[in-house]
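What follows is a short report on a single structure.
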Amino acid sequence: MSTAIHWFRRDLRVADNPSLVAACTHGEVIPVFILDPEFMDRPVTPRTHFLFAALRSLNESLGGSLVLRTGAPAEVLSELARATGATDVYCAKDFAPYGRRRDTEVAAALKAHGVKLRGVGAPYAVDPGVVLKDDGTPLAVFTPYFKRWMNVGWADPIETPKACWATGVGSENLPDIEIIPHSIPAASEKAAWERWDVFAGTALASYPENRNSPGVDGTSMMSPYLRFGLVHPRQLLAESHPHDVNKSFVSEICWREFYADVMFNKPQTAWENLQTKMNVLPHDTGPIADERFKAWCAGRTGYPIVDAGMRQMLATGWMHNRVRMIVASFLVKDLHLPWQWGARYFMRHLVDGDLASNNHGWQWTAGTGTDAAPYFRVFNPTTQSEKFDPTGEYIRRWVPELEDCQAIHAPETADAGIPSGYVAPIVDHSVERDESLRRYKIVSGK
Ligand SMILES: Cc1cc2nc3c(=O)[nH]c(=O)nc-3n(C[C@H](O)[C@H](O)[C@H](O)COP(=O)(O)OP(=O)(O)OC[C@H]3O[C@@H](n4cnc5c(N)ncnc54)[C@H](O)[C@@H]3O)c2cc1C
């Protein structure tokens, strides 16, 4: 019998948690979460609220034994191990740029005290860096990645460990944080599985047909739970695989893994173009660009589907995937602004904000990333809206000024004019599309 620390990070669950199970083999476990100033000193976001709620719920699941500490992880863990005599610190591996740097530092600091940092499991079904081409190099195209990822496969979910939590280790309280306007989902393992049951019971079978319709409750909304590890993708794969005959849902889970793999292999692509040839693409700057960006942020572009998406995110911290693509394309190709502006704004408001999925989702849409389809594919926000929200149900939900508008996809064409309170389009899509293509010639040299 010895004492081990389990360091919770992006695995805020007790079920199917290999690192927690491994820590429990020691006998007594101190479950700890560290409020790292690297994140805590940033402005409060919907993710901060979701995280705090998830920690409260995790503490309940651990019978009140969760130890909270504030400080640099290397110092906090060294001190905790010294004070408790813990010999090992267990955690799920982190593959993102900051997490990798931090873990190297933590491992070195612990080693100096004779304590081992042991990475067990990861927030992915298949660890980033594992899926490779035959020549041992990584992939940057989704379809071949997906095929190989399916062949690598993953383990079944494992048993929840029996409680072995240490008592009497002092804990801090969660600090009070600023209230936010977003109405975010409940954050607990129970809430995650309740939502999953609704999705599996009503929408999984029709997911391939409905996943692109923002007016329909047709996707899982598991992204915040996956982001913080209240569920593991392995658990969702075990639940969905047998029913997901054409692997539509499974392939979406794989997109998350693919982007994590791309960022693991090229950490600089978190904020820099994956396709460096796109670095010469000119962007707009100056007061007009700033005004347009503000209109986009506020959901006041005069393009209803764009405005509905931005307002959905501002209200709930979540946006439908199809609409994320539409608003991202609009920012880059209609307003000619850098994708990084939009990615940063998304990270401030998304409850599922995840560096790899977000920034590579942006790069995919901006034509600077892994997309097999190139920059000159420009989304038309009006035809996208007509196709994916034909009745305008989604738009009416988030843009109440258009409640009675007959020309819901293009209110400026309504006989009665633009409804009061709504705005005229801030740009003309067909003009900006041509402008985008003109600029792209600088990159392509044609
Ligand atoms: C510009 C842009 C930014 C994005 N930012 C994020 C982000 O910060 N965090 C995030 O989790 N997802 C992001 N996505 C991907 C996707 O929009 C969300 O994962 C999805 O909308 C979440 O809803 P859901 O859980 O109902 O998805 P479902 O359709 O039910 O899919 C199940 C799960 O698969 C994964 N997934 C689905 N689509 C994608 C995708 N295109 N890329 C990566 N993973 C995917 C998610 O983990 C999701 O929860 C972004 C996409 C774009 C185009």
Side-chain angles (χ1 to χ4, degrees), residues 42-43 45-47 182 214 223 227 255-256 259 262-263 268-275 278-279 281-371 373-381 384-385 398-399 423 425-427 429 432-433 435-436 439-440 443:
R42 296 181 191 176
T45 65
R47 283 196 304 293
H182 312 72
S223 52
R227 164 67 182 79
W255 273 102
R256 177 177 177 271
Y259 284 150
V262 173
M263 198 172 74
Q268 74 279 16
T269 63
W271 292 105
E272 292 171 17
N273 292 336
L274 176 73
Q275 293 185 35
M278 296 300 288
N279 292 352
L281 187 81
H283 294 118
D284 280 4
T285 53
I288 295 177
D290 291 346
E291 277 309 307
R292 288 178 175 171
F293 181 59
K294 268 193 212 149
W296 179 86
C297 288
R300 293 190 65 76
T301 65
Y303 283 88
I305 191 80
V306 173
D307 295 341
M310 297 307 289
R311 294 186 198 187
Q312 181 181 29
M313 180 170 73
L314 294 177
T316 66
W318 188 85
M319 195 194 301
H320 190 278
N321 180 60
R322 169 59 48 182
V323 192
R324 291 188 205 208
M325 292 195 283
I326 296 171
V327 305
S329 174
F330 189 80
L331 182 96
V332 173
K333 296 183 184 170
D334 287 77
L335 304 185
H336 315 295
L337 299 175
W339 64 262
Q340 289 90 340
W341 290 21
R344 208 164 283 124
Y345 191 71
F346 265 35
M347 287 303 278
R348 238 186 5 252
H349 291 283
L350 284 175
V351 72
D352 63 21
D354 168 86
L355 196 61
S357 290
N358 185 57
N359 291 24
H360 276 291
W362 270 93
Q363 294 222 42
W364 187 92
T365 317
T368 64
T370 57
D371 186 8
Y375 182 83
F376 48 76
R377 191 192 55 188
V378 178
F379 276 26
N380 178 326
Q384 287 280 312
S385 178
W398 298 108
V399 189
V423 288
I426 56 169
V427 292
H429 170 71
E432 303 309 335
R433 178 182 179 280
E435 175 58 15
S436 248
R439 293 184 194 203
Y440 182 66
V443 177

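On a predicted model such as this, the values are computed, not experimentally measured, just so you know. Only heavy atoms go into these numbers, but all of them, side chains included; no hydrogens, no water, no symmetry mates. The first residue of the sequence shown is numbered 1, and numbering continues consecutively from there.
In terms of modelled atom types and a separation under 3.5 Å, the side chain of Arg377 and the main chain of Gly367 share no donor-acceptor contact. Of the possible polar contacts, one joining the Tyr303 side chain to the His429 backbone as a donor-acceptor pair under 3.5 Å is found. Formation of a donor-acceptor pair under 3.5 Å by the Gln363 side chain with backbone atoms of Thr269 is found in this model. A distance-only check finds a donor-acceptor pair linking the side chain of Arg324 to the backbone of Met319 [under 3.5 Å].
Between Asp352 and Arg256 no salt bridge is recorded (no basic side-chain N to carboxylate O distance below 4.0 Å).
Here the closest heavy-atom approach between residue Ala328 and residue Thr365 is recorded as CB-CG2, 3.8 Å. The heavy-atom pair separating Leu355 from Ala270 by the smallest distance is CD2-CB, 3.9 Å. Smallest separation of non-hydrogen atoms from Asn359 and Ala343: OD1-CB, 3.7 Å. The two residues Trp398 and Ala315 make their nearest non-hydrogen contact at CZ3-CB, 3.6 Å. Closest heavy-atom contact between Leu337 and Ala289: CD2-CB, 3.8 Å. Across every non-hydrogen atom of Arg300 and Arg311, the tightest pair is NH1-NH2, 3.8 Å.
Of the inter-residue distances, the one linking Asp334 atom CG with Ser436 atom OG reads 7.0 Å to the nearest 0.5 angstrom. Remark: Gln340 CD to Leu331 CG distance equals 10.0 Å, nearest 0.5 Å. Annotation: the span from His182 atom NE2 to Leu314 atom CG amounts to 5.5 Å, rounded to 0.5 Å. Expressed to the nearest 0.5 Å, how far CG of Asp284 lies from CZ of Arg292 amounts to 6.5 Å. The structure places CD1 of Ile326 at 4.5 Å from CD of Gln384, a figure rounded to the nearest 0.5 Å. Expressed to the nearest 0.5 Å, how far CZ of Arg439 lies from NE2 of His283 amounts to 8.0 Å.
Counting only heavy atoms from C-beta outward, the side chains of Leu335 and Val427 approach each other to under 4.5 Å. Residues Trp296 and Ile426 fail the side-chain proximity criterion, which asks for heavy atoms closer than 4.5 Å.
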Requested in this report: Apply the test side-chain contact (heavy atoms from CB on, under 4.5 Å) to residues Phe346 and Val327: give CA-CA distance (whole Å), side-chain angles for both, the deciding distance (0.1 Å), then the verdict.
Outcome: CA-CA 11 Å; Phe346 265 35; Val327 305; 3.6 Å; yes
Report task. Tell me, with the steps shown, if Lys333 and Phe379 meet side-chain contact (heavy atoms from CB on, under 4.5 Å). Result -> CA-CA 8 Å; Lys333 296 183 184 170; Phe379 276 26; over 6 Å; no
Query raised in the report: Stepwise, does the side-chain contact (heavy atoms from CB on, under 4.5 Å) test hold for Tyr345 with Met310?
Result: CA-CA 10 Å; Tyr345 191 71; Met310 297 307 289; 3.7 Å; yes
Query raised in the report: Could you walk me through whether Arg227 and Arg47 pass the side-chain contact (heavy atoms from CB on, under 4.5 Å) check?
Result: CA-CA 9 Å; Arg227 164 67 182 79; Arg47 283 196 304 293; 3.9 Å; yes
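Trp341 and Phe293 have perpendicular rings, their planes meeting at more than 60° on a 0 to 90° scale where under 30° would count as parallel.
Inspection of the Thr370 and His360 side chains reveals no N or O donor paired with an N or O acceptor under 3.5 Å. For Thr368 and Gln275, the side-chain atoms include no donor-acceptor pair closer than 3.5 Å. There is a side-chain donor-acceptor pair under 3.5 Å between Trp318 and Ser223.
Note that Arg344 lies in the cation-pi zone of Trp271, set by a 6.0 Å cut-off to the ring centre and a 45° limit from the axis.
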